[in-house]
Amino acid sequence: MLGVLRGMGITLKNFLASYVLPRRPDSLETGGIVTVQYPEERLPEKENFRNFPFLVFDGTVDNIRCVSCDICAKECPPKCIYIVRDTDSEGKPLKRPKVFDIDFTVCMNCGICEEACPFDAIFMDHEFEIGGPERQKSLVYHRDDLLKSTAHFQKIRPTDFAAIEERRKKDAEKKAAAQATVQAAAQPKPQTPPSPQP
Amino acid sequence: MDPIFVNSKKALLNLFSAFLPDWTVVLVSIFISIGAIMVLGPFTMMYLTWFERKLLGRIQNRIGPNRVGIFGLLQPIADGVKMLTKEDIVPEGADKAVHLLAPIAIVIPSLLVFSVLPFGRNMTAVNLNIGVLFFLAVSATTTLSIFMGAWASRNKFSLLGGMRSVAQLVSYEVPMVLSVVPVILAAGSLSTVDLVESQGGWNGFKWFVFTPWGFTAFITFYLSGVAECNRTPFDIPEGESEIVAGFHTEYSGMKFALWYMAEFMNVFTVSGLTAVLFLGGWQGAPGLPSWAWFFIKTYALVFVMMWFRGTLPRLRVDQLMGLAWKFLLPLTLVNIFVAGLWFFIPDLRWRVGTAVALLGLTFWALMALNRTALPEKRTYEFAE
Amino acid sequence: MNPAEIKTKLESEFPGIPIQIVGEGLLLGPEDLVRVARFLKESGEFKMNYLSSITAVDYLEHLESVYHLYSVDQRTGPVVLRVRVPRDNPRIPSLVHLFRSAEFQEREAYDMMGIRYEGHPDLRRIFMWEGFEGYPLRKDYLPENEDVLEWDDVEWLERHGVTVPAEYKQYAQDLKAAGKEARAERPKPGAEAV
Amino acid sequence: MSPPVLEKTFQASDPVLQDTETFEVNLGPQHPSTHGVFRMNVKLEGETIVSLKPVMGYLHRNHEQIAENMSYLGSMPYTDRLDYFNSMSNNFGYALAVERLAKIDVPERAQYVRVIMAELTRLVNHVSVIGFLLNDLGAFFTPVLYAFREREKILDVFEEVAGSRMMCNYLRFGGVKRDLTPAVTERIKKIVRGFPKFLDEFEGLLTRNEILCIRCQKVGVLPYDLAVNAGITGPMARASGVNYDLRKVDRYSIYDRFKFKIPLGKIGDVYDRYLVRILEMRESLKILEQALKEIPAGPVMNPKFAALAKAPRNFKPPKGEAYGRVEAPKGELGFYLVSDGTAQPWRYHVRAPSLINLTVLEDLCLGHKVADAVIILGSIDIVLGELDH
């Protein structure tokens, strides 16, 4: 009997506390209502939260970082990425994707594409409300759906953005220095127009 | 405030008697009472579902329904619309006629028992001189409906649920009836109205619950009542984790809603009867109207039933039977004897002492006899 | 305890028993498995009373069943036992009567690799359905090609009132006639065994 | 020790059972308390179970073959989906096996982070499983929601650290994916400090509750001998008194540095399994406290293998085999890997505790009621993702 009464006391305590204590879903304290009224209220977004991937461009949409090297497509565990390299009018392959499809019905949000990408071109987004009225077509995202600016990346993950930018700057400096030494060693040649940002 | 319902009915009847013959006025009076019950029953059921969901939500640190209407008050109506528009699925092998009849048949007794509940002073629909007996007898027929539904579904889970339900309801009928006996002894009447009236005075201290035998009978009656309503911790006929949904596994749509309606109306009527028998019914401090007292007491008991649901796991079928036959039945029998002694012994101190001693002794003896079924203490080693 | 020591102990217990050390494990013949396992379990020295894992490996030229034995009382282990059997007739005596833990794991190995554990009380497929053909974890298993309508699919569709175009039906019938191997062409695994 | 009896069924000549007919019920695959798509083929005499055959495979997705066609790192997110309540433990087991195979060292701080995550996972698993057990017992969602209230706090930490609440994919060969920030460490400390209070409340609600006691005591008794013989591991074995916890036996990772004890039950019924889990949570909290106090600064990834994450296809462990096992919350989780020197494992086998702990289900349920079968299954603690791999 006593055990039952004690249990009932605890539930009664929780019942009363739900009226007395403020609603605090994100608190570490026990007691009070923990519900988050979802569409109106949201928990603060965690910076490291990962959901579906997106492609980054620098500045303008033409300036995609992706060079369509196909590494992410190969490393993707469920194989949900499909890439076709773009070609110019003469059929010469360009360093950017013509088709970059991700099937979000298959994607399992593991983040291995982000880790594997050597060009910092693909990152995991915070956007998770992608539900649609049908199961197949609206969840296959194409290149233009996936493109988002670096500013977006900076907004959702400032820490990672800062670290990556710093690394990229260093790499670029190193590269420039290396190029300079190469150029200094060799005779300066007429420069070819720079290809899109690697 | 107190006679507001009574007076309004009277006014209505006066209005009719002005231009109608007398015998139609009687008919109108009956229809008004029936109409009131027909509205009250389903309305109670609808808002009890809301109340239960809200209460369980609060117990579980949730809010409960709050989207439809303010505080989710329109939720039961939305549910009703949903239930009405849902597809009605009847299994292929089912006995279709009985499958249809069972949920209808279960609502009728649940509504009938409303007629003998005294909702307030002079607010009993039918002042039957065997009111309590009527209540117990009519509510006992729910067993049949439940078994009809279980059998007609032709589903093994339903059948298991039905068999559990019959076993349980029949067993708990016995302590339930026996725990009413002392109250009837004290009041000398089977009419619910007389029962309430015999508990008047002393500002509440003449309620039967304040006597030792009354208290024991209150507990046993209430527990049996909870079992009769198939509520946690005695909800084995439904047993949603074991036998899916028990007897109403194969019901959908409005038929399913009818099962629920019956269950919640039973919750209300059993709580109401408990209040009538032991808590003085509509008797209470004069500040509030009598019907308010009745509803306060009834809803307090309903609250406890829902609180049980929010706290307790359910018993197993054999333990449930054990509780009824090995514990409640002997206790209620002794209780009748104690109540008899109570009226036999004139001195107050002596009769309280005897009653408490006898009941305590019985309780202790029953605990000792049932000790194999009681929990044991465990110790645990801690290894490196 | 390293494998070499166990090997000498076992050899002194069962004279003339062929035991080889492969990796960390002892390679036994299928006929010796039960008596060695019983000895390891019951001898006071080893007390290997806990069979942690049974699995099977397909090494292309043979199938191998691998047993990891531990001792709960002495907290030693593992003793790894290996049994190699030919691919076309893989039969290994079951250990269920010594270790109940073998019950589901042997069923699993049977389901996935097709090793028959003789003496198992209930050797059925555990994960795949009854009537499933082939053993999915063998390296030569050819998975069903999802893009091709097979005869079973045609039958299913017709049962559900879908008309299948005649050319698909013909193709499915041809496939059925040609047998399972015709269904999909996949390169044989080029990797070598350990 | 005599060999345990396999076919322990009631005899038809048993006087109790004469003149009655057995009655066959399929509990599952769609059933509220089979914890997924799992089926128990039950024969009943009245409500008493005379035979019970588990049927599984409804969630089988050939995990092992997927892993054999995948780079080593590519299987890491798939291990999350084995026992989807404890992805960190699964990651841990797999990382341990691969590290043993490729002989990779793990830096100090990463070891601590791993232990912290594994123990938090244990808390998550045990509170939820007790909640579900109570749901099976018929308590209407209150314990499970109290448990989930606390679980949310820990899952928030996982989200903060690993990026995902349940599918963490956090461990890497030679370390972990991301370092703990001081804010997160502080948060974990707070959770660890607040957890005993919750456990007290939870125990107040449950442990001495008479209904729970009489439902759980002497139900589904697993004797010591059978537990060892059937390879039962985890809290289930320890409830039967088997003193076998891999954290103490193998002392993998850095578990030898912490002071904690292994609670052992004596009878091995459902109640012992329940209470051993509670006591284990209290011990886990001790480990967490020590780990959080002692955690050193430093890298969280072995620098030699940090580049590996960038190109998983280049990770080719030497030829050989390894069996790595950890004490996952459900029992011994083992990964058996055979490498042929390429980037894909030649053989990848999971020793799933859920599957092997289920071996004794029939023995535990015989002679009990249907309602007991449900709670026995609940106390075994299976997750179908792992069981059916």
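Since the structure is predicted, the reported quantities are computational estimates derived from the model, not experimental observations. All chains are named by letter (A, B, ...) in the order of the sequence lines, taking the proteins before the strands, and each is independently numbered beginning at 1.
- Geometric assessment of R347(D) against the ring of Y59(C) yields a negative cation-pi assignment under the 6.0 Å and 45° thresholds.
- The closest side-chain heavy-atom distance from R61(D) to F127(C) is not below 4.5 Å.
- Taken to the nearest 0.5 Å, the CD1 atom of I126(C) stands 10.0 Å off from the NE2 atom of H60(D).
- Only the side chain of N62(D) comes within less than 4.5 Å of a heavy atom of chain C; its backbone N, CA, C and O stay farther away.
- Atom OH in Y58(D) sits 12.5 Å away from atom CH2 in W129(C) (nearest 0.5 Å).
- When heavy atoms are compared at a cutoff of 4.5 Å, E64(D) approaches chain C by way of both its backbone and its side chain.
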**OP:** Using the side-chain contact (heavy atoms from CB on, under 4.5 Å) rule, take L60(C) and W346(D) through it: C-alpha gap first, then chi angles, then the decisive distance, then the call.
**Re:** CA-CA 11 Å; L60(C) 295 179; W346(D) 179 255; 3.9 Å; yes
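- For N243(D), the parts lying near chain C are the backbone and the side chain together; criterion is any non-hydrogen pair under 4.5 Å.
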**OP:** Give the intermediate values and the outcome of side-chain contact (heavy atoms from CB on, under 4.5 Å) for residues N229(D) and K41(C).
**Re:** CA-CA 10 Å; N229(D) 195 284; K41(C) 181 186 170 192; 3.3 Å; yes
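- Residue Q344(D) does not touch chain C at all, counting heavy-atom pairs closer than 4.5 Å.
- Once rounded to the nearest 0.5 Å, the distance linking CZ of R107(C) with CE of M56(D) reads 5.5 Å.
- The shortest distance between side-chain heavy atoms of S53(C) and Y323(D) falls below 4.5 Å.
- With a 4.5 angstrom heavy-atom cutoff, D73(C) touches chain D only via side-chain atoms.
- Within the 4.5 angstrom heavy-atom criterion, atoms from both the backbone and the side chain of L355(D) approach chain C.
- H349(D) has its side chain out of reach of M112(C): every pair of non-hydrogen atoms, C-beta onward, lies at least 4.5 Å apart.
- The heavy-atom pair separating S71(C) from Y244(D) by the smallest distance is O-CE1, 3.9 Å.
- Only the side chain of V242(D) has a heavy atom closer than 4.5 Å to any heavy atom of chain C.
- Annotation for Y336(D) and T55(C): closest pair CD2-CG2, 3.5 Å, computed over non-hydrogen atoms.
- Taking both residues in full, the closest heavy atoms of Y50(C) and G231(D) are given as CE1-CA, 3.5 Å, listed atom of the first, atom of the second, then distance.
- The shortest non-hydrogen separation linking K139(C) to E68(D) is NZ-OE1, 3.3 Å.
- In terms of non-hydrogen atom pairs under 4.5 Å with chain C, the most contact-rich of I232(D), V55(D), I356(D) is I356(D).
- The pair D250(D)-R75(C) does not count as a salt bridge, with every side-chain nitrogen at least 4.0 angstrom from each carboxylate oxygen.
- We find the OG-CZ distance between S52(C) and R325(D) to be 5.5 Å, quoted to the nearest 0.5 Å.
- Within the 4.5 angstrom heavy-atom criterion, no atom of L59(D) approaches chain C.
- Checking side-chain atoms of R100(C) against main-chain N and O of T359(D) turns up a donor-acceptor pair under 3.5 Å.
- Note that OG of S101(C) is 10.0 Å distant from CD of E332(D), once rounded to the nearest 0.5 Å.
- Remark: R124(C) CZ to K53(D) NZ distance equals 7.5 Å, nearest 0.5 Å.
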